[in-house]
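Counting starts at 1 for both ligands and their atoms, following the listed order.
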Amino acid sequence: NASFDISKLIDTIDFAAKKHSFQKRNDPQGTPYINHPIGVAKNLTDAGIYDFATIQAAILHDTVEDTDTSFEEIEQQFGREVRDIVAECTDDKTLVKSERKRLQIETIPHKSKKAKEVKLADKLYNLRDVQRMAPVGWSKKRIQEYFMWAKQVTDGARGTNQKLEDQLDEIYSNGTFVY
Ligand code: NDP
Ligand code: ZN
């Protein structure tokens with residue numbers, strides 16, 4: 001039912017926009033944070049992925065990690081499947097950053113296909129964002145380290161979606177040299 005799906009999609013975007021409304025990306029322009037989850041969802045549809053729960057999870061993927069949103073809230077509003085995909089894409093913020101980075105590399109091979117798709121689309125967006133303009137305070141070394149870490153994560157999701165992987169490979173083959 002088209003009107004039901006459109007309403008549900010807009011509800012999801014509206015929820016994420018409200019949750020992220022005080023946040024900005026760390027680029028020099030301070031781009032509104034919501035541009036990122038919307039762009040991640042677009043990376044999925046551009047790659048031919050139209051599964052509804054996957055698109056919703058992409059839009060919501062940073063709400064629990066970066067705002068006051070709880071998994072219970074996501075489940076109540078958007079259902080169990082969306083909650084589970086978002087949970088798979090959420091770092092445990094009680095851990096130190098280095099441990100969270102290590103865990104992303106270690107755990108991605110064991111995640112569901114839908115979570116892997118969101119993770120690939122997320123890294124694709126962030127790498128392009130870094131390529132577009134260095135985040136505030138990032139040295140060349142830090143940018144290079146970010147690319148190397150991201151590649152280790154996405155390498156653990158090989159065989160998930162060819163279009164996303166081809167776009168990531170394109171970035172890894174010449175991406176860091178724009179600096
Ligand atoms: P961060 O995790 O601090 O930042 C990257 C994350 O920020 C992205 O994954 C993205 O996450 C979010 N983000 C917000 N705005 C942007 C933007 N404009 N462009 C891209 N991403 C954005 O970075 P790391 O800790 O991963 O640092 C990268 C590497 O550098 C690591 O290996 C780390 O060890 C190392 N490092 C080096 C330092 C140095 O000075 N040499 C200092 C600190 C770390 P989301 O999708 O959740 O929004
Ligand atoms: Zn993200």
Side-chain angles (χ1 to χ4, degrees), residues 12-13 15-47 49 53-69 71 74 78 82-108 111-112 114-157 160-161 164 167-168 171-172 175-176 178-179:
T12 311
I13 297 168
F15 180 94
K18 284 172 176 153
K19 291 294 191 178
H20 288 298
S21 63
F22 297 110
Q23 295 176 320
K24 292 183 180 309
R25 300 288 287 169
N26 65 9
D27 58 348
Q29 302 100 313
T31 300
Y33 196 88
I34 191 64
N35 283 33
H36 165 67
I38 293 173
V40 174
K42 179 173 161 58
N43 282 346
L44 291 172
T45 55
D46 283 351
I49 296 161
T54 309
I55 299 300
Q56 285 183 291
I59 293 162
L60 299 167
H61 81 276
D62 280 327
T63 56
V64 177
E65 196 172 296
D66 295 337
T67 79
D68 64 4
T69 309
F71 289 123
I74 301 268
F78 306 108
V82 174
R83 172 219 169 107
D84 286 347
I85 303 167
V86 172
E88 285 189 277
C89 298
T90 300
D91 283 358
D92 180 352
K93 281 248 180 144
T94 67
L95 303 172
V96 296
K97 195 146 132 183
S98 56
E99 182 67 1
R100 301 204 309 256
K101 297 266 154 200
R102 193 186 64 73
L103 276 175
Q104 283 206 28
I105 297 167
E106 196 178 286
T107 59
I108 194 162
K111 292 187 190 298
S112 69
K114 292 177 184 187
K116 284 178 182 168
E117 289 169 340
V118 174
K119 292 293 287 178
L120 289 173
D122 184 34
K123 289 290 180 282
L124 179 59
Y125 186 100
N126 284 333
L127 289 164
R128 283 186 174 152
D129 220 7
V130 171
Q131 269 189 326
R132 181 179 63 81
M133 193 152 284
V136 174
W138 284 35
S139 62
K140 279 184 191 175
K141 176 170 171 283
R142 181 161 182 181
I143 290 166
Q144 264 158 8
E145 284 171 355
Y146 185 79
F147 273 69
M148 288 189 308
W149 167 74
K151 185 172 190 307
Q152 285 183 277
V153 177
T154 60
D155 277 352
T160 299
N161 178 279
L164 291 173
Q167 292 174 88
L168 284 161
I171 289 171
Y172 297 137
T176 54
V178 296
Y179 296 94

**Study point:** Spacing of CD1 belonging to Ile49 relative to CG belonging to Asn43, to within rounding of 0.5 Å
**Key:**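 So the CD1 of Ile49 and the CG of Asn43 are separated by 9.5 Å.
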Review point. How many angstroms lie between CD in Gln104 and NZ in Lys119, if you round to the nearest 0.5 Å?
Key: 3.5 Å
Check your understanding: Counting heavy atoms only, which of Trp138, Tyr33, Tyr146 comes nearest to atom 9 (O) of ligand 1?
Key ->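 Nearest heavy atom to atom 9 (O) of ligand 1 lies in Tyr146.
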Check your understanding: When the ring planes of Tyr33 and His36 are compared, do they come out parallel, tilted or perpendicular, using 30° and 60° as the limits?
Key -> perpendicular
Study note, to complete from the structure: Ranked by distance from atom 10 (C) of ligand 1, the top protein heavy atom is Asn126 ND2, 3.4 Å
**Study point:** Region of Tyr125 that comes within reach of ligand 1 [heavy atoms, distance under 4.0 Å]
**Key:**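 Neither; nothing of Tyr125 gets under 4.0 Å from ligand 1.
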Exercise for review: May I ask you to identify, for Met148, whether its side chain, its backbone, both or neither come under 4.0 Å of ligand 1 on a heavy-atom basis?
Suggested key: neither
**Study point:** Asp122 contact mode with ligand 1 (heavy-atom cut-off under 4.0 Å)
**Key:** side chain
Check your understanding: Of Thr90, Val130, Asp27, Leu127, which has the heavy atom at the shortest distance from atom 20 (C) of ligand 1?
Key -> Val130
**Study point:** Separation of Ile59 CD1 from Ile13 CD1 (nearest 0.5 Å)
**Key:**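 Reported to 0.5 Å precision, the distance equals 4.5 Å.
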Point to revise | Subset of ligand 1 atoms that lie under 4.0 Å from at least one heavy atom of Lys141 | key: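 So the answer, numbered in order with elements, is 41 (N).
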Point to revise | Interatomic spacing from NE2 in His20 to CG in Asn35 - rounded to 0.5 Å | key: 11.5 Å
Review point. Which of the listed options, Glu145, Lys97, Lys123, holds the heavy atom that is closest to atom 3 (O) of ligand 1?
Key: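 Closest candidate by heavy-atom distance is Lys97.
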Check your understanding: To the nearest 0.1 Å, how far is atom 24 (P) of ligand 1 from its closest protein heavy atom, and which atom is that?
Key ->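 Going atom by atom, the protein heavy atom closest to atom 24 (P) of ligand 1 ends up being Lys101 NZ, 3.4 Å.
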Exercise for review: Considering only non-hydrogen protein atoms, determine which one is nearest to atom 44 (C) of ligand 1 and report residue, atom name and distance to 0.1 Å.
Suggested key: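 I find the closest protein heavy atom is Arg142 NE, 3.6 Å.
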Exercise for review: Using a 4.0 Å heavy-atom threshold (strictly under), name the region of Asn26 that reaches ligand 1: side chain, backbone, both or neither.
Suggested key: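 The part of Asn26 near ligand 1 is both the backbone and the side chain.
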**Study point:** Salt-bridge criterion met for Lys93 and Asp66 (N-O under 4.0 Å)
**Key:** yes
Practice item. Before accepting this row, confirm whether a basic side-chain N of the pair Glu99/Arg102 lies closer than 4.0 Å to the acidic partner's carboxylate O. Key: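 Arg102 and Glu99: salt-bridged.
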Check your understanding: Side chains of Asp122 and His61: donor-acceptor distance under 3.5 Å anywhere?
Key -> yes
**Study point:** Closest approach of any protein heavy atom to atom 21 (N) of ligand 1, naming residue and atom
**Key:**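 Its nearest protein heavy-atom neighbour is Arg25 NH2, 3.5 Å.
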Exercise for review: Using a 4.5 Å cut-off on heavy atoms from C-beta on, say whether the side chain of Val130 contacts that of Pro135.
Suggested key: yes
Check your understanding: Are any side-chain N or O atoms of Glu88 and backbone N or O atoms of Ser112, one a donor and one an acceptor, separated by less than 3.5 Å?
Key -> yes
Point to revise | Distance criterion under 2.8 Å: protein N/O/S atoms around the Zn ion (ligand 2) | key: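 Excluding waters, the total comes to 4.
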Practice item. Could you tell me the separation between the CG atom of Asn26 and the CH2 atom of Trp138, rounded to the nearest 0.5 Å? Key: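 The distance works out to 6.5 Å.
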Practice item. Output the list of atoms in ligand 1 that are nearer than 4.0 Å to some heavy atom of Asp62, sorted by atom number. Key: 45 (P), 46 (O), 47 (O), 48 (O)
**Study point:** Side chain to side chain, Ile171 and Lys151, heavy atoms closer than 4.5 Å
**Key:** no
